[in-house]
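Encoded as structure tokens, the structure appears first; notes follow it.
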Amino acid sequence: MFVGQKVVENAALSTTASSNPSSGLAMNAAPDYASAVINALPFGVVCFDLADNGSVNVYSANLRAQSLFGFSDISTLPAPLSSLWASNEHEKLADKVRETLAKKQVVAFEWTARTDNGDHYLSSQLQPIVNAAGDQRLVLCTIEDQTTEKLAEKNIMHHAFHDALTGQPNRVLFRNKLEETVINGKNGSDPFSCAVLVVNIDRFQLINESFGHSAGDRFLISMASTLRRCIGSQDILARLSGDEFAILVPNMREIKAATDICDRIHTAMKQPYDLDGNEVFTSVSIGVASTISSATHPEDLIRDADFAMHRAKIAGKACTEVYRRESHMEARSLFHLETELRRAVEREDLQLYYQPIIDLRTSKLHGFEALTRWQHKDHGFVSPVEFIQLAEETGIIVPLGRWAIEASCTCLKHWIMEVGVDKVVPINVNVSGVQFARDDVAAVVENALKKYNLPGSLLRIELTESSIMTNPEHISNSLDRIRALGVKVALDDFGTGYSSLNYLHQFPIDIIKIDRAFISQLKRGNTQFKILEMIGMLAKSLGHEIVAEGLEDTDHIDMVTEMGFAYAQGFYYSRPVAGVDAAKMVRGDLPWA
Ligand code: C2E
Ligand code: MG
Ligand code: MG
């Protein structure tokens with residue numbers, strides 16, 4: 001290489017110009033070997049000189065340079081660059097030659113030369129050369145063709161910003177475009193708004209599972225073209241992830257512009273898609289967030305559109321939801337509550353309160369129902385009616401339910417130590433249907449009894465009719481195992497749900513608890529009264545105990561006593577009380593009524 005450069009220098013420094021067609025090197029007289037070496041170089045070498053009139057002449061050019069520029073006629077050199085090169089690019093190069101001579105130093109630059117063979121991405125270095133006479137009019141220019149590398153780089157860039165399957169922009173590019181749109185919009189003089197649509201395919205997993213992943217891929221490609229047909233030329237479609245696309249509506253006057261696109265998409269989705277001869281119908285759920293109703297930060301817009309899309313799913317899919325700040329606040333505070341509840345269960349910040357269950361025939365304490373209480377530092381007392389549902393939805397019910405069983409057993413153990421096992425009354429613990437589905441409740445009960453060395457007769461499990469309905473077979477199985485431990489099972493809230501009398505004899509239960517909603521409507525001779533009488537008789541014939549819940553006055557007590565009910569629970573006797581007071585009741589130090 002070094003030798004080659006020397007040759008170039010020598011060649012370039014010669015002053016008598018003539019062409020040398022036999023070697024193919026268009027340059028002044030030079031030894032043949034030098035021409036051969038210069039022509040063999042993998043980069044272009046051109047020697048320029050500056051004419052007195054300021055025009056730039058090509059003094060010599062090797063074969064690579066000739067082919068790169070597509071020089072037309074090199075038979076007579078030197079010749080003006082503009083006459084050799086038809087392209088308009090020559091002025092750009094000529095300026096650089098002048099700049100090199102003016103600065104008297106090396107000038108390097110990258111540029112794109114448009115030739116008949118397409119665009120060439122070139123990297124050039126221009127070096128001023130002083131000839132033997134001390135003239136400084138010559139410039140040696142090397143030109144490296146970096147087209148292949150540049151195209152590869154472009155290709156890599158394309159892949160970095162585009163989804164390989166659909167060819168659409170990916171999340172990164174979408175975010176960049178959105179950011180650009182928001183910044184330009186904010187700097188513009190007109191009032192501006194833009195919208196982000198998050199489009200999620202409903203039940204896409206089913207397509208993958210039924211027809212295979214390559215069919216799923218084909219479906220996604222067709223989905224991208226369906227979406228493209230529904231948007232305007234200014235709008236940008238991107239694929240965010242597996243079955244999720246996003247659309248940027250960059251400039252709109254009102255939200256209707258965005259919802260119109262959504263309507264077009266829902267209509268287009270009504271057409272069946274042909275997947276290997278099968279007609280596939282599917283739908284999409286769309287969330288819309290705009291700078292009108294949402295934040296203006298790009299990441300927030302995508303997040304809010306995503307949130308709205310999830311609400312569309314909850315609303316039954318195949319629809320559009322426009323982001324509303326209020327619903328986000330609700331979800332956020334619910335999320336906050338969930339986090340706090342999780343923490344409360346972990347730290348055992350919950351307490352059990354105990355409501356006495358009375359034997360109506362003897363007026364003695366028959367047992368307690370354990371009811372969970374959450375004393376929240378900011379919200380005060382949070383009703384179990386609120387947090388049990390949240391716990392069920394989030395799965396927190398499993399550790400919560402385990403804790404309630406364990407805490408009841410701890411309490412029983414203390415009572416036994418205080419008054420002896422014979423004087424202790426049983427505790428009923430509520431167990432949710434969700435816990436039956438997700439946990440081995442029978443094993444939890446068995447372990448707790450073992451741990452505290454308790455007879456099964458001191459613990460009772462309450463579960464509601466509606467929770468049985470979710471998976472009757474599984475629950476029935478668990479209840480058999482629970483009863484085998486000597487633990488009685490109560491059917492809670494009877495009369496509120498399906499009230500199927502079938503359950504009374506089909507299900508492994510020992511006790512029926514009549515819901516207070518039923519009791520509160522009770523009047524002598526009315527329908528509720530007659531139904532309850534009948535349930536009482538049926539329960540008795542099946543050998544079940546009955547507990548009437550929610551007794552608030554003497555009328556209630558008289559009626560259920562008349563019906564022959566044995567047990568009762570309600571504010572008339574006592575509200576749920578803290579553990580210390582329940583212990584006093586067990587000891588007989590505190591009357592329960
Ligand atoms: P539940 O099992 O039917 O419990 C009886 C509910 O009725 C209790 O409400 C009790 O305070 C209330 N109650 C009792 N007598 C009367 C009365 O005379 N009048 C009125 N107005 N109410 C009365 P609480 O403690 O708010 O519990 C509500 C529900 O939350 C419970 O209904 C139960 O389903 C659930 N729950 C409470 N603790 C737990 C728990 O640890 N685990 C599970 N899975 N559920 C629980
Ligand atoms: Mg209960
Ligand atoms: Mg109940």
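Scope of the values below: all heavy atoms of this structure, side chains included, with no hydrogens, waters or symmetry mates. Counting convention: from 1, in listed order, for ligands and their atoms alike.
- A donor-acceptor contact shorter than 3.5 Å is absent between the side chain of D439 and the backbone of V441.
- The proximity of I388 to ligand 1, defined as any non-hydrogen pair under 4.0 Å, is limited to the side chain.
- Under the 3.5 Å distance criterion, with hydrogens and angles disregarded, a donor-acceptor pair is assigned to the side chains of S283 and D202.
- Residues N200 and S285 have side chains that never bring a donor and an acceptor to within less than 3.5 angstrom of each other.
- Atom 42 (N) of ligand 1 has N430 O, 3.3 Å as its closest protein atom, hydrogens excluded (heavy atom only).
- Closest to atom 18 (O) of ligand 1 among all protein heavy atoms lies F571 N, 2.8 Å.
- For atom 21 (N) of ligand 1, the closest non-hydrogen atom of the protein is E552 OE2, 3.2 Å.
- The residues R483 and D510 are annotated as salt-bridged, a charged nitrogen and a carboxylate oxygen being separated by less than 4.0 angstrom.
- Here L352 has no heavy atoms under 4.0 Å from ligand 1, in either its backbone or its side chain.
- Annotation for ligand 1: atoms under 4.0 Å from non-hydrogen atoms of G570 are 15 (N), 18 (O).
- Using a 4.0 Å cut-off to heavy atoms of D492, the atoms of ligand 1 that qualify are 1 (P), 2 (O), 3 (O).
- Of all protein N/O/S atoms, those under 2.8 Å from the Mg ion (ligand 2) are E369 OE2, N430 OD1, E462 OE1, D492 OD2, and waters are not counted.
- Distance check for atom 6 (C) of ligand 1: every protein heavy atom is found at 4.0 Å or beyond.
- Counting heavy atoms of neighbouring residues, nucleotides and ligands inside a 6.0 Å radius, atom CZ of R587 exceeds 12 of them.
- Taking every heavy atom of Q355 and a limit of under 4.0 angstrom, the matching atoms of ligand 1 come to 10 (C), 14 (C), 15 (N).
- The backbone N or O of V172 sits less than 3.5 Å from a side-chain atom of N170, completing a donor-acceptor pair.
- Looking only at atom types and distance, the side chain of S432 has a donor-acceptor partner in the side chain of E392 under 3.5 Å away.
- Residue contacts with ligand 1, taken as heavy atom pairs separated by less than 4.0 Å, involve L551 solely via the backbone atoms N, CA, C and O.
- Residues V196 and F174 have side chains in contact (heavy-atom distance under 4.5 Å, counting atoms from C-beta outward).
- Within 6.0 Å of CG on D553 lie more than 12 heavy atoms contributed by other residues, nucleotides or ligands.
- The protein non-hydrogen atom at the shortest distance from atom 26 (O) of ligand 1 is P384 CG, 3.4 Å.
- At a heavy-atom cutoff of 4.0 Å, ligand 1 is contacted by no atom of Q435, backbone or side chain.
- Among all heavy-atom pairs drawn from P455 and L449, the shortest one is O-CD2, 4.1 Å.
- Remark: the backbone N or O of A443 is paired with a side-chain donor or acceptor of N447 at under 3.5 angstrom.
- Enclosure of atom NE2 in H414 is not indicated, since only 12 or fewer non-hydrogen atoms of other residues, nucleotides or ligands lie within 6.0 angstrom.
- The shortest heavy-atom distance from E369 to ligand 1 is under 4.0 Å.
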Practice problem: Check the pair R303, D300 against salt bridge (charged side-chain N to carboxylate O under 4.0 Å, His left out), reporting the backbone distance first and the verdict last. | Solution: CA-CA 5 Å; R303 182 204 61 203; D300 293 348; 3.5 Å; yes
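- Closest to atom 8 (C) of ligand 1 among all protein heavy atoms lies L371 CD1, 3.8 Å.
- With 3.5 Å as the limit, one finds a donor-acceptor pair spanning the side chains of Y452 and E406.
- For atom 32 (O) of ligand 1, the nearest protein heavy atom is 4.0 Å or more away.
- Not a single heavy atom of G401 sits closer than 4.0 Å to an atom of ligand 1.
- With a 4.0 Å heavy-atom cut-off, ligand 1 is reached by no atom of Q569.
- Across V288 and T320, no two heavy atoms sit closer than the pair CG2-CG2, 3.8 Å.
- Proximity annotation for atom 25 (O) of ligand 1: of R516, Q389, R373, R373 comes nearest, heavy atoms only.
- Both the sub-6.0 Å distance and the 45° axial angle are satisfied by R361 relative to the ring of Y567.
- The single protein non-hydrogen atom nearest to atom 41 (O) of ligand 1 is T372 OG1, 2.5 Å, given as residue, atom name and distance.
- There is a protein heavy atom less than 4.0 angstrom from atom 46 (C) of ligand 1.
- For atom 11 (O) of ligand 1, the nearest protein heavy atom (residue, atom name, distance) is P576 CG, 3.5 Å.
- Contacts with ligand 1 closer than 4.0 Å are made by heavy atoms of both the backbone and the side chain of S432.
- Ion pair E338/R342 flagged as a salt bridge, since at least one NZ, NE, NH1 or NH2 atom sits closer than 4.0 Å to an Asp/Glu carboxylate oxygen.
- Protein heavy atom nearest atom 3 (O) of ligand 1, with residue, atom name and distance: D493 OD1, 3.0 Å.
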